[in-house]
Amino acid sequence: FMDDKLVAKTVIPHNSKRILYRKIEEIGVKHGQVVIKTKFATYSFLLTPGKRKKIIARLKKLIPAK
């Protein structure tokens, strides 16, 4: 977590994702994955149930209300 964006690091550094909090429109869980939707893209992250709950709770605090 950064001050203004979420950074998801991957095995291949060129595939790392940086998502600005203000661009996130929806956060949810689907088939055991955290799903983050922006206007133009949907990102899915496979996490353990405990980490999934923590990430969603933290993101909901950081995302500005729309």
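- Taken from CD1 in Ile63 to OH in Tyr21, the straight-line distance is 7.5 Å, to the nearest 0.5 Å.
- A distance of 10.0 Å separates CZ in Arg58 from CG in Leu6, rounded to the nearest 0.5 Å.
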Acceptor/donor pairs from residues 31-52 side chains to any protein atom, 3.5 angstrom cut, sequence neighbours excluded:
{"residue": "Thr38", "atom": "OG1", "partner": "Ala41", "partner atom": "N", "Å": "3.2"}
{"residue": "Thr38", "atom": "OG1", "partner": "Ala41", "partner atom": "O", "Å": "3.1"}
{"residue": "Arg52", "atom": "NH1", "partner": "Gly32", "partner atom": "O", "Å": "2.6"}
{"residue": "Arg52", "atom": "NH1", "partner": "Leu47", "partner atom": "O", "Å": "3.2"}

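- Taking CZ from Arg22 and NZ from Lys5, the interatomic distance works out to 10.0 Å, rounded to the nearest 0.5 Å.
- Residues Ile24 and Val29 share a hydrophobic cluster, clusters being chains of Ile/Leu/Val/Met/Phe/Trp/Tyr side chains in contact below 4.5 Å.
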